[in-house]
Colleague: 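Right, I'll just put the structure down here and ask away after.
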Amino acid sequence: MEEKSEKNKEIETSNFIRNIIDDDLESGKHTKIITRFPPEPNGYLHIGHAKSICLNFGIARDYKGQCHLRFDDTNPAKEETEYVESIMEDVHWLGFDWGENLFYASDYFQQLYDYAELLIKNGKAYICELSQEEIRATRGTLTEPGTNSPYRDRSIEENLDLFRRMKAGEFEEGAYSLRAKIDMASPFICMRDPVMYRIKYVHHHRTGDEWCIYPMYDYTHCLSDSIEAITHSLCTLEFENNRPLYDWFINELPVKHKPRQIEFARLNLSYTVMSKRLLLDLVKSNVVNGWDDPRMPTIAGMRRRGYTPQSIRDFADRIGVAKANSMVDFDLLQFCVREDLNLNANRVMVVLDPLEIVIENYPEDKVEYLEAENNPENPNAGNRYIPFSKRIYIEREDFMEQAPRKWFRLSPNSEIRLKHAYYITCKEVIKDKDGNITQLICTYDPESRGGWSKDGRKVKGTSHWVCKDHAIDVDIRLYDHLFTVPDPMIVPEGKDYKYHLNPDSLNIIQSKAEPSLKEAKIGDKFQFLRQGYFSVDYDSIPEKPVFNRIVGLKDTWAKEAKK
RNA sequence: UGGGUAGUCGCCAAGUGGUAAGGCAACGGGUUUUGGUUCCGUCAUCCGUAGGUUCGAAUCCUGCCUACCCAGCCA
């Protein structure tokens, strides 16, 4: 399904990071490019991570280098095996493979510890007894320098002894920390003697209870990159401030490789939120039904919704990579799925909101099987046969008693084509006592079988339909944006991001589908003719398939009708 | 207010001194048994702003404005 659309597309991928890599290759600084995707296993991956994954693995692929998957697991209090499994699944699903290069920062705990002792021996790190609050208080502010810790000038021997006893579990959490000795007056606040190690009596998902001291991100990340010989360490903009510290550790230690950190802007998508904290909150507060709720911007959610890996990769290519903060239109993502699915999803007829039609001049017990192409964009998709008889359903919104200007669907005495079937003309409108339309009486033209007429008369409107006696019942889940505004983070004073939650982000309806959909399997994707693209949800049961709407078709009539 | 970044079409984004790519969206039109697809066309005399250098600047220099990030023993 994917290969076909992949080859007729050639997005020229050029960005400032690739330019740097090109220069490094040309100058001979590097001969092989190694990148890495370094998630912390404390939550599910989202579309923002997909951007990073496509960037890192994409570069490795294009430069014939390699991209490592490395779990940044230095804070056991937040990390779980469940997350590492979901992350691996999502990266694979997106179409990338790290091969042998699966790593964990925790693999380097011993090496990192040895490096720390070396820093102590070189007089570049010390054991501090200040409490967390005291450290904060002596750090200074954005405009004022901090003050030196009273423990800053301990002897190397004492520092070493204390550090070893920290590791041995002799002290309580928070009683001691290992700090780099840099500069309490640095305008880079992260350089004001940052904490390198803290004591935590917490079980680690991989190292168990082997360690009770854990290294901090700034200390761990640069050295992990170095150990793996990463050439270009790509991260998001908020780490720009940390780069001096990244370089400091690399330069103070006798490392073989000195990776270069390069920062790019993280992805923001309109009508959704992207922070792990907020996504976790949506899950915990049951606003959505779990991490893979189809409204979530998580990879798992998008997969369940029906987005294809190809469409997400294409999206990542199209949004580009730069240093300016930005918010991408959700429209672009929708364009990418439609483009993929238009080529690859078979067409099928489903009447979302059924209105019964009785064809008065059609024989009572006759059933015909009409041939229908599965995908006009792909002749290889073949044909199928759809039953047709006297009673059928059409879409309720395809009929209007008082037709507006430019309306070319059904209305009293007008003629339309039933896709793949016949021309019908509306003769009578049946209503209940409240005036609601309950049924339409129509006639059909037996000469128009297949949807053509010999006299070549123009029938502008074409409706989809299903045969009443053969239709199957299906549940349809119509999804819309989780939020009603492009930027949910802009809220009135005193409100939080939930202020803009869309109360109509999910609508479940019962519909009638053509019988072929009985065979649909979980994850199958279809275009419901004239409606949109839908994917079979895993909540389906044999008696009742459940479809998620991935995205609607472009609807220029809806636009016209608004005028 | 210290430091770090960024400001090119409604939204992304190329461009790196030689006179504004491309995509999405939008708009107009042709084709069409999906008001889908597809096709054709329109869409920045102008690059946050004010000066300066230059034959020539979005690209170099200076000032100013705006936005984002940094004061976790989170990442």
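In the text below, chain A, chain B and the rest are named by the order of the sequence lines, each starting its count at 1. The structure displayed is predicted, hence computed values, not measured ones.
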Colleague: Taking N and O atoms by type only, does the side chain of A/Glu377 place a donor or acceptor under 3.5 Å from a partner on the base of B/rG36?
Modeller: yes
Colleague: Identify whether the glycosidic angle of B/rG7 places it syn (within 90° of 0) or anti.
Modeller: anti
Colleague: Roughly how far apart, to the nearest Å, are B/rU59 and B/rG7 at atom P?
Modeller: 12 Å
Colleague: For A/Tyr214, which contact category applies under a 4.0 Å heavy-atom criterion: base, sugar-phosphate, or nothing?
Modeller: nothing
Colleague: Quick one: on RNA chain B, does A/Arg417 or A/Leu553 contact a more 5' nucleotide (nearest heavy atom)?
Modeller: A/Arg417
Colleague: Partners of A/Ala316 by side chain to side chain contact (heavy atoms under 4.5 Å, CB included), sequence neighbours excluded?
Modeller: A/Cys54
Colleague: By the 4.0 Å heavy-atom rule, please label A/Tyr197 as base, sugar-phosphate, or nothing.
Modeller: nothing
Colleague: When you compare B/rG41 with B/rU54, how far apart are their C1' atoms, in angstrom units rounded to a whole number?
Modeller: 39 Å
Colleague: Could you work out the separation of B/rU42 and B/rU49 based on their C1' atoms and round it to a whole Å?
Modeller: 30 Å
Colleague: Can you tell me if A/Lys460 touches the phosphate of B/rU32, counting only side-chain N or O atoms and a distance under 4.0 Å to OP1 or OP2?
Modeller: no
Colleague: Checking contacts here: which listed nucleotide (B/rG3, B/rA26, B/rA75) is nearest the side-chain heavy atoms of A/Pro187?
Modeller: B/rG3
Colleague: Between A/Arg136 and A/Leu418, who's closer to the 5' end of RNA chain B by nearest nucleotide?
Modeller: A/Leu418
Colleague: Do other residues, nucleotides or ligands put more than 12 heavy atoms under 6.0 Å from the CZ atom of A/Arg457?
Modeller: yes
Colleague: What orientation do A/Tyr113 and A/Phe163 show, parallel under 30°, tilted 30 to 60°, or perpendicular over 60°?
Modeller: parallel
Colleague: Does a side-chain N or O from A/Arg338 land closer than 4.0 Å to OP1 or OP2 of B/rU34, or not?
Modeller: no
Colleague: Between B/rC27, B/rC74, B/rC73, which one does the side chain of A/Asn75 approach most closely?
Modeller: B/rC74
Colleague: Hunt down any stem RNA chain B takes part in, defined as 3 or more consecutive Watson-Crick or G-U pairs whose two distances are each under 3.5 Å.
Modeller: B:2-7 with B:65-70, B:10-12 with B:22-24, B:26-30 with B:38-42, B:48-52 with B:60-64
Colleague: Just compare B/rA71, B/rG36, B/rU5 and give me whichever is closest to any side-chain atom of A/Arg243.
Modeller: B/rU5
Colleague: Using the side-chain hydrogen bond (donor to acceptor under 3.5 Å, both in side chains) criterion, which residues pair with A/Tyr271? Sequence neighbours excluded.
Modeller: none
Colleague: Within less than 4.0 Å of OP1 or OP2 of B/rC74, is there a side-chain N or O belonging to A/Lys200?
Modeller: yes
Colleague: Give the residues of residues 124-134 of chain A touching RNA chain B, defined as any heavy atom closer than 4.0 Å, sorted by residue number.
Modeller: A/Leu130, A/Ser131, A/Gln132
Colleague: Can you tell me, in whole Å, how much space there is between the C1' of B/rC46 and that of B/rG15?
Modeller: 14 Å
Colleague: With under 30° as parallel and over 60° as perpendicular, where do the rings of A/Phe388 and A/Tyr444 fit, or are they tilted in between?
Modeller: tilted
Colleague: Can you identify which nucleotide, out of B/rG35, B/rG2, B/rU37, has its nearest atom closest to the A/Lys406 side chain?
Modeller: B/rG35
Colleague: Tell me every residue that passes ring pair (Phe, Tyr, Trp, His ring centres under 6.0 Å) with A/Phe103, counting only those two or more places apart in sequence or in another chain.
Modeller: A/His68
Colleague: Restricting to pairs with a member in residues 169-190 of chain A, which pass side-chain hydrogen bond (donor to acceptor under 3.5 Å, both in side chains), not counting sequence neighbours?
Modeller: A/Arg165-A/Glu170
Colleague: Check the distance between B/rG36's P and A/His420's NE2 and give it to me in whole angstrom.
Modeller: 16 Å
Colleague: From CZ of A/Phe264 over to C1' of B/rC69, roughly how many Å is that when rounded to an integer?
Modeller: 15 Å
Colleague: According to the salt bridge (charged side-chain N to carboxylate O under 4.0 Å, His left out) rule, which pairs have a member within residues 262-272 of chain A, sequence neighbours left out?
Modeller: A/Glu238-A/Arg266, A/Arg243-A/Glu263, A/Glu263-A/Lys323
Colleague: Are side-chain N/O atoms of A/Glu368 and A/Tyr385 paired as donor and acceptor at under 3.5 Å?
Modeller: no
Colleague: Side-chain N or O of A/Thr556 less than 4.0 angstrom from OP1 or OP2 on B/rG36?
Modeller: yes
Colleague: Between A/Ser52 and A/Phe264, is the side chain to side chain contact (heavy atoms under 4.5 Å, CB included) condition met? List the steps.
Modeller: CA-CA 9 Å; A/Ser52 174; A/Phe264 64 93; 4.2 Å; yes
Colleague: Check side chain to side chain contact (heavy atoms under 4.5 Å, CB included) between A/Pro145 and all other residues, then give those that pass, not counting sequence neighbours.
Modeller: A/Ala185
Colleague: Expressed in whole Å, how much space separates the C1' atoms belonging to B/rU16 and B/rA58?
Modeller: 11 Å
Colleague: Rounding to an integer number of Å, can you tell me how far A/Phe526 CZ sits from B/rG36 P?
Modeller: 23 Å
Colleague: Considering only B/rU34, B/rC70, B/rA75, which nucleotide approaches the side chain of A/Asn241 most closely?
Modeller: B/rC70
Colleague: Could you check how far NZ of A/Lys554 sits from P of B/rA26, rounded to whole Å?
Modeller: 6 Å
Colleague: Output yes when at least one side-chain N/O atom of A/Arg347 is less than 4.0 Å from OP1 or OP2 of B/rU37, else no.
Modeller: no
Colleague: Considering only side-chain heavy atoms of A/Gln527, which listed nucleotide, B/rG72, B/rU34, B/rA71, is closest?
Modeller: B/rU34
Colleague: For A/Tyr246, enumerate each residue passing the ring pair (Phe, Tyr, Trp, His ring centres under 6.0 Å) test, keeping only those at least two apart in sequence or located in another chain.
Modeller: none
Colleague: Which nucleotides of nucleotides 11-17 of chain B have their base under 4.0 Å from a protein heavy atom (B), which only their sugar-phosphate (S), and which neither (-), written as one string 5' to 3'?
Modeller: SSSSSB-
Colleague: In whole angstrom, what separates A/Glu397's CD from B/rU34's C1'?
Modeller: 13 Å
Colleague: Restricting to ring pair (Phe, Tyr, Trp, His ring centres under 6.0 Å), what partner residues turn up for A/Phe37, sequence neighbours left out?
Modeller: none
Colleague: Using whole Å, what does the distance between atom P of nucleotide B/rA67 and atom CG of A/Leu237 come to?
Modeller: 17 Å
Colleague: Quickly work out the A/Glu240 CD to B/rC70 P distance and round it to whole Å.
Modeller: 12 Å
Colleague: Looking for any heavy atom pair under 4.0 Å, which part of the strands does A/Asn242 touch: base, sugar-phosphate only, or nothing?
Modeller: base
Colleague: Using a heavy-atom cut-off of 4.0 Å across all strands, would you classify A/Pro145 as base, sugar-phosphate, or nothing?
Modeller: nothing
Colleague: Between B/rA71, B/rU5, B/rC74, which nucleotide has the shortest distance from any of its atoms to the side chain of A/Ile189?
Modeller: B/rA71
Colleague: Looking only at heavy atoms, which two atoms of A/Ile127 and A/Arg154 are closest? And how far apart?
Modeller: O-NE, 2.9 Å
Colleague: Report yes if at least one side-chain N or O of A/Arg198 is closer than 4.0 Å to OP1 or OP2 of B/rA75; otherwise report no.
Modeller: yes
Colleague: NE2 of A/His464 versus C1' of B/rG35: gap in Å, rounded?
Modeller: 13 Å
Colleague: Once side-chain hydrogen bond (donor to acceptor under 3.5 Å, both in side chains) is applied, do any residues pair with A/Asp398, and if so which ones, sequence neighbours excluded?
Modeller: A/Arg409, A/Ser463, A/Arg530
Colleague: Between A/Arg266 and B/rC69, is there a contact of a side-chain N or O with OP1 or OP2 at under 4.0 Å?
Modeller: no
Colleague: Compare the minimum distances between each of B/rG36, B/rU32, B/rA75 and the side chain of A/Tyr217, then state the nucleotide with the smallest one.
Modeller: B/rA75
